[in-house]
Amino acid sequence: MPRVEGAPRRLQRRRRIGTARIAPCDRARWPALLMQAFVDTIRAAIAAATGLPDAEIRLESPKNPEQGDLAFPCFALAKAQKAAPPAIAAALAPKLAAALSGIACTATGPYLNFQIERGALARTILGEIEARGAAFGSSTEGAGRTIVIDYGSPNIAKPMHVGHLRSTILGMALVRLHQALGYRTVGINHIGDWGAQFGALVVALRRWRGEVDLERDPVMGLLALYQRSKAAIDEKSASYDAAFAKEARDAYRELESGTDGDVRKQWRWVTQVSLAAFAKTFARLGVAHDLVRGESYFESHLQPTIARVEAAGVAEVSQGALVVMLGEIDKGLKETPCLLRQSDGTTLYATRDLAAVFDRWKEFEFERCLYVVGGEQKLHFRQLKAVLKRMGLAWEPRVEHVDFGLLLGPGRVKIASRKGAVLVLDELLDEVVDAARERVKEKSAGLANLEAVAEQVGIGALVFNDLKRERIKDVIFEKDEVTSFEGETGPYVMYTHARSCSILRKAAAAGEGGAEPDWRAIASASPVLLQLGRFPTVVRTAAAKAEPSELAQYLLGLCREYNSWLAERGNKVLGEAPAVTSARLALVRGVKIAIANGLRLLGLAAPEEM
RNA sequence: GCGCCCGUAGCUCAGCUGGAUAGAGCAGUGGAUUUCUAAUCCACCGGUCGCAGGUUCGAGUCCUGCCGGGCGCGCCA
């Protein structure tokens with residue numbers, strides 16, 4: 001039962017570390033990074049004028065958009081030139097202005113502000129989006145390389161609950177982000193289908209099968225048996241049953257022995273009905289794993305795995321157990337070695353994950369192997385990596401724990417409780433979709449595909465609510481917030497998309513938009529254009545940092561800028577002079593494409609009407 | 001006790017590799033609909049960026065200490 005157990009036990013936060021660094025932009029490979037192209041041009045000019053090494057030239061955005069599109073602070077030059085930053089800026093501005101064509105350069109205090117010529121900005125960015133369409137934002141950077149992503153990973157015999165939501169949603173987004181960058185992705189559902197608890201469950205099935213309904217909703221029936229069996233083997237529980245516990249241990253031993261008898265038959269059935277239920281839930285979230293490979297798969301790999309670690313000379317026996325001491329690798333792990341084999345000879349979680357990661361490396365030679373697992377398991381993955389490092393495996397840095405915070409209820413109360421009341425994921429999805437259906441009915445009465453849109457909007461609201469936050473932060477699940485659909489929400493982004501589609505439909509119906517665009521008509525939309533230009537870079541960094549929230553935040557910002565522009569009285573799109581309408585339609589189309597692509601990468605639908 | 005993490009507006013959060021007056025959403029107040037979906041937009045209200053030092057031309061951002069909160073810590077997963 002690997003990734004999520006009933007109650008999230010731990011919570012960790014971490015700053016971005018590890019391999020999540022972003023390589024310098026390779027222009028040969030990234031011809032279409034849009035804003036990056038302008039940035040590189042300006043940087044080259046600054047380098048030529050100042051002699052600064054390329055790495056030290058950092059451009060930023062001016063505080064006030066009217067000051068320019070890009071800015072360069074001159075403080076760093078002050079020491080070398082022995083002059084005040086404003087004087088340096090003033091001296092540099094004319095030189096750069098002369099060197100750059102189509103980009104104005106002015107000094108404002110200690111800053112150099114650059115403004116790209118409006119027409120060029122619009123033409124470049126909107127032209128690129130138009131040309132690439134659904135592929136806008138994607139690239140071939142990752143061609144020929146593989147990313148393995150372990151996510152979702154529920155445990156059999158129990159329904160998926162809210163605790164699985166974050167891993168599933170984050171994992172799905174990471175799969176899509178990497179795909180967009182040209183990587184081959186392998187999404188793995190590492191189901192928890194092994195362990196002593198299944199011995200107990202089989203015994204529970206033997207004894208109490210008739211007492212629960214296993215026909216209508218097998219997984220809920222299994223949950224009841226699972227909980228009851230857990231109490232029966234818990235010495236501290238009032239329902240402790242010594243005979244049951246012994247039988248459970250025997251059953252697990254039989255399961256582990258590989259004997260294809262009754263125990264294994266029952267276990268197989270449990271696995272089968274559980275997977276069928278998971279598949280439905282995953283489908284609603286738009287998730288499809290490439291590989292379902294549970295812990296049981298690695299049973300035969302356990303002894304070879306231990307042998308391999310022993311052969312590497314890093315294993316030792318301590319207090320009867322086989323461990324790998326890790327203090328030399330990581331001082332923080334001095335007190336917590338990695339246990340590979342218990343004193344009774346059985347293996348542990350770490351052994352299985354070690355077997356799994358060896359297997360994955362052998363099969364995929366991954367660029368990265370991401371474990372989208374809650375922060376409460378941080379120690380486990382830290383140990384796992386430390387073992388790999390101690391074994392001298394060069395690919396150890398490619399293994400990353402993509403950790404995330406807890407999902408909490410109102411008042412920071414834990415939602416998923418070990419005792420009883422699990423919030424079943426399907427029920428939650430139904431609730432959100434119900435709320436969405438009400439809203440869609442009320443706002444768009446005659447919508448033909450009401451049900452489909454309600455599903456898209458409701459689930460989109462839930463997913464976006466999760467993805468918009470930095471993953472390390474806890475998510476406070478407030479139902480009112482998830483079903484409000486206003487403000488910084490998934491439906492807000494979807495709505496912006498749907499409105500744009502509506503404008504484009506009307507334009508097509510009226511035959512507008514064919515004229516040569518007059519880019520001056522969108523001169524006031526440069527914040528929108530600049531934001532559009534950032535899209536490919538955002539996709540790239542969101543993937544590199546395994547942080548989908550960067551894309552979600554980007555989309556919110558894009559929609560905010562765009563809606564604000566669109567609401568201005570002077571910016572009417574349809575029915576204006578043909579050249580004006582053409583230019584504005586190009587902007588609408590560009591935004592529409594960026595939103596659609598962004599939503600898709602986050603795993604959300606982009607309905608054309610809602 | 002040890003390890004790791006978090007602490008920005010009443011609430012929920014952004015803030016890119018330290019840089020120009022700290023930004024949104026929600027809640028509250030007041031506006032915008034002969035105008036392309038008002039699931040929108042505009043304005044106002046609201047902040048000692050936990051506290052104290054330090055580094056720096058410059059710190060919400062880096063370092064140290066403290067306070068508050070969370071998670072984890074050998075035979076569970």
Side-chain angles (χ1 to χ4, degrees), chain A residues 1-5 8-15 21-22 58 60-64 67 71 73 75-76 78-79 84-85 108-111 155 192 195-197 295 318-323 330-344 346 348-350 352-353 374-380 382 403 405-406 412 439-440 442-444 457 468-470 472-476 478 480-481 484-489 491-492 494-496 498-507 537-538 541 549-550 553 556-557 559-560 563-564 566-569 572-575 588 609-610:
Chain A
M1 138 167 19
R3 304 307 183 212
V4 180
E5 180 35 16
R9 286 178 221 161
R10 298 147 257 204
L11 163 68
Q12 293 287 339
R13 295 181 172 191
R14 78 159 191 192
R15 275 283 170 214
R21 268 184 219 104
I22 297 147
R58 300 249 153 90
E60 51 196 64
S61 328
K63 239 353 183 213
N64 182 344
Q67 291 172 316
F75 302 99
K79 234 172 228 171
T108 311
Y111 288 85
N155 308 309
Q197 68 272 26
E295 297 194 286
S318 164
Q319 298 170 32
L322 187 71
V323 305
D330 181 338
K331 278 179 189 156
L333 297 178
K334 214 185 294 181
E335 313 281 323
T336 51
C338 180
L339 268 79
L340 295 181
R341 194 172 57 211
Q342 306 188 68
S343 42
D344 68 359
T346 56
L348 289 127
Y349 185 41
R352 296 197 269 279
D353 252 346
E376 64 271 15
Q377 292 193 35
K378 182 140 194 197
L379 177 63
H380 167 70
R382 196 170 162 191
D403 57 344
L406 299 173
R412 302 193 65 83
R439 195 56 182 274
V440 177
E442 162 197 326
K443 305 294 297 185
S444 310
V457 172
K468 74 178 177 185
R469 300 158 158 74
E470 205 182 1
I472 205 71
K473 299 240 162 97
D474 294 349
V475 172
I476 313 291
E478 301 266 12
D480 289 348
E481 200 184 316
S484 76
F485 310 149
E486 280 164 30
E488 297 176 326
T489 65
Y492 168 70
M494 291 176 166
Y495 174 72
T496 306
R499 276 181 71 190
S500 300
C501 289
S502 174
I503 293 173
L504 294 170
R505 274 195 306 273
K506 286 181 175 160
T537 309
V538 170
T541 56
S549 69
E550 295 210 355
Q553 290 292 340
L556 289 172
C559 291
R560 198 161 41 233
N563 281 325
S564 186
L566 201 59
E568 286 287 322
R569 290 181 199 286
K572 194 166 180 300
V573 177
L574 301 174
V588 172
E609 287 178 86
M610 61 186 271

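Because only heavy atoms are used, hydrogens play no part in the values below, and waters and symmetry mates are left out as well, while side chains stay in. Each chain gets a letter, A, B and so on, in the order the sequences are listed, and its residues count up from 1.
- Using a 4.0 Å heavy-atom criterion, one finds that A/L348 contacts the sugar-phosphate atoms exclusively.
- Rounded to the nearest Å, the gap between the C1' atom of B/U61 and that of B/G74 is 39 Å.
- With distances taken from any side-chain atom of A/L379 to the nucleotides B/C73, B/G74, B/U40, the minimum falls on B/C73.
- A gap of 13 Å separates the P atoms of B/U48 and B/U8, to the nearest Å.
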**Prompt:** Taking it one step at a time, do A/L322 and A/L339 satisfy side-chain contact (heavy atoms from CB on, under 4.5 Å)?
**Reply:** CA-CA 6 Å; A/L322 187 71; A/L339 268 79; over 6 Å; no
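- Salt bridge annotation for A/R469-A/E481: present, with a cationic side-chain nitrogen under 4.0 angstrom from a carboxylate oxygen.
- Residue A/S318 is classed as a base contact, given a heavy-atom separation below 4.0 Å to a base.
- Other residues, nucleotides and ligands contribute over 12 non-hydrogen atoms within 6.0 Å of the NZ atom of A/K572.
- Salt bridge status for A/R439 with A/E486: present, with a side-chain N to carboxylate O gap under 4.0 Å.
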**Request:** Would you sort out whether A/E488 and A/R560 count as a side-chain contact (heavy atoms from CB on, under 4.5 Å), showing the intermediate values?
**Result:** CA-CA 9 Å; A/E488 297 176 326; A/R560 198 161 41 233; 3.5 Å; yes
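- Atom pair A/Y492:OH and B/C13:C1' shows a separation of 16 Å (rounding to whole Å applied).
- You'll find that the side chain of A/P337 is closest to B/G74, out of B/C36, B/G74, B/C13.
- The listed nucleotides are B/U35, B/C73, B/C42; the one nearest the side chain of A/S564 is B/C42.
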**side-chain contact (heavy atoms from CB on, under 4.5 Å) between A/I503 and A/L574, worked out** = CA-CA 8 Å; A/I503 293 173; A/L574 301 174; 4.2 Å; yes
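- Put simply, CD on A/E60 is 14 Å from P on B/G23, counting in whole angstrom units.
- Between the NZ atom of A/K473 and the C1' atom of B/C13 there is a distance of 7 Å, rounded to whole Å.
- Taking only side-chain nitrogens and oxygens, A/R499 comes nearer than 4.0 Å to OP1 or OP2 of B/A38.
- Using a 4.0 Å heavy-atom criterion, one finds that A/V588 contacts no nucleic acid atom at all.
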Polar-atom pairs under 3.5 Å, protein N or O versus N or O of nucleotides 54-60 of chain B: list them with distances, or write none.
| unit_1 | atom_1 | unit_2 | atom_2 | d |
| --- | --- | --- | --- | --- |
| B/C57 | OP1 | A/K79 | NZ | 3.3 |

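- At a threshold of 4.0 angstrom between heavy atoms, the contacts of A/L566 include nucleobase atoms, whether or not backbone atoms are also involved.
- Here the separation of B/G18 from B/C62, taken at their C1' atoms, is 7 Å to the nearest Å.
- Nucleotides B/G7 and B/C51 have their P atoms positioned 13 Å apart, rounded to a whole Å.
- With rounding to whole Å, A/K572 atom NZ is found 14 Å from B/U34 atom P.
- Within 4.0 Å (heavy atoms only), A/M610 reaches at least one base atom of the nucleic acid.
- Residue A/P85 is classed as having no contact, given no heavy-atom separation below 4.0 Å to the nucleic acid.
- Rounded to whole angstrom, the span from the CD atom of A/E481 across to the C1' atom of B/G25 amounts to 9 Å.
- A gap of 27 Å separates the P atoms of B/C6 and B/U21, to the nearest Å.
- In terms of modelled atom types and a separation under 3.5 Å, the side chain of A/S502 and the main chain of A/A498 share no donor-acceptor contact.
- No engagement by A/A78 is indicated, since no non-hydrogen atom pair under 4.0 Å with the nucleic acid exists.
- In this structure, B/G74 shows a glycosidic angle within 90 degrees of zero, which is the syn conformation.
- Residue A/R560 is in sugar-phosphate contact alone, with no base atom involved, counting any heavy-atom pair closer than 4.0 Å across all strands shown.
- Contact of the A/T346 side chain with the A/R341 side chain is not registered, since no non-hydrogen atoms from C-beta on lie closer than 4.5 Å.
- In this structure, A/R382 atom CZ and B/C4 atom P are separated by 6 Å, rounded to whole Å.
- Listed nucleotides: B/A20, B/G25, B/U35. Nearest to the side chain of A/E488: B/G25.
- Between A/T108 and A/S549, the residue whose closest nucleotide on RNA chain B is further toward the 5' end is A/S549.
- Using a 4.0 Å heavy-atom cutoff across all strands shown, A/E486 reaches sugar-phosphate atoms only and no base atom.
- Each of A/I503 and A/T336 lies near RNA chain B, and the nucleotide nearest A/I503 is the one positioned closer to the 5' end.
- Checked by atom type and distance alone, the side chain of A/S444 pairs as donor or acceptor with a backbone atom of A/M610 at under 3.5 Å.
- Counting only distance, with no hydrogens or angles, the side chain of A/S318 and the backbone of A/A321 share no donor-acceptor pair below 3.5 Å.
- Rounded to whole Å, the separation between the C1' atoms of B/A27 and B/C63 comes to 38 Å.
- B/G25 and B/U40 are spaced 14 Å apart, taking the C1' atom of each and rounding to whole Å.
- Base engagement by A/R58 is indicated by at least one non-hydrogen atom pair under 4.0 Å involving a base atom.
- Note on A/A71: a base of the nucleic acid sits closer than 4.0 angstrom, heavy atoms only.
- In this structure, A/E568 places its CD atom 13 Å from C1' of B/U40, rounding to the nearest Å.
- A straight line from CD of A/E470 to C1' of B/G7 spans 13 Å, rounded to a whole angstrom.
- Separation of the C1' atoms belonging to B/A14 and B/C49 is 13 Å when rounded to the nearest angstrom.
- Paired runs in RNA chain B that reach 3 or more consecutive Watson-Crick or G-U pairs, where each pair keeps both distances under 3.5 Å, cover B:1-7 with B:67-73, B:10-13 with B:23-26, B:28-32 with B:40-44, B:50-54 with B:62-66.
- A donor-acceptor pair under 3.5 Å is formed between the side chain of A/D474 and the backbone N or O of A/L406.
- Atom CG of A/L566 sits about 11.0 Å away from atom SG of A/C559, to the nearest 0.5 Å.
- Side chain of A/D353 to backbone of A/Y349: no donor-acceptor contact under 3.5 angstrom is found.
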